[in-house]
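Residue numbers start from 1 in every chain, and the chains themselves are labelled A, B, ... in the order their sequence lines are given, proteins ahead of strands.
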Amino acid sequence: MKKSFKEKVYELCRAIPKGKVATYGQIARLADKPKAARAVGAYMRMNPDSPNTPCHRVVASDGSLTGYSGTGGVTGKKKMLLAEGVNFIGSRVNLSWSKWNN
DNA sequence: ATTTTGACTTAAG
DNA sequence: GCTTAAGCCAAAA
């Protein structure tokens, strides 16, 4: 049985512990395709507010919040992450403290 | 099958 | 720190 790349991506999104964040590149790497960061983002766009896929815990490689078609856009995403205990530096996530699987 | 597009990443100036 | 360029992946038309 082979799992599709996207299934792994969704599963990894769900696997991100509360209060932590992962980068697209990190997820892509864990999903067996280290260069598929763009594809990961594409899947996130498909499922921005699905209750099963907390895509808001996924950020860019430098901790900047990108995209997010959900409520409030990146602003809502930032607030959500703050509510989960993720530390922010200005408009970026402090990956030094909150990066998942680090 | 080909082209376009997109929530990416890294390197270089 | 910001901009430009190139690379790579998958879905949709």
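The two atoms that bring A/I27 and A/C13 nearest to each other are CD1-SG, 4.1 Å, heavy atoms only.
For B/dT4, the paired nucleotide is C/dA11, the pair qualifying as Watson-Crick or G-U wobble because both relevant distances are below 3.5 Å.
Residue A/M46 places its side chain closer to C/dA11 than to any other of C/dC8, C/dA11, C/dA10. Among the nucleotides C/dC2, C/dA10, C/dC9, the one closest to any side-chain atom of A/A36 is C/dC9.
If you take CG of A/N47 and P of C/dA10, they are 18 Å apart, rounded to a whole angstrom. Atom CZ of A/R29 and atom C1' of C/dC8 are 16 Å apart (whole Å). Here the P atom of nucleotide C/dA10 and the NZ atom of A/K8 are 11 Å apart, to the nearest Å. Rounded to whole Å, the distance from NZ on A/K33 to C1' on C/dA11 is 14 Å. In this structure, NZ of A/K6 is placed 12 Å from C1' of C/dA12, rounded to the nearest angstrom. Computed from coordinates, the A/D62 CG to C/dG1 P distance equals 10 Å when rounded to whole Å.
A 4.0 Å heavy-atom criterion places the boundary nucleotides of DNA chain B facing chain A at B/dG6 to B/dT10, written 5' to 3'.
Note that OG1 of A/T71 and CE of A/M80 are 7.5 Å apart. Values are rounded to the nearest 0.5 Å. With rounding to the nearest 0.5 Å, the separation of OG1 in A/T53 from CG in A/N47 is 4.5 Å.
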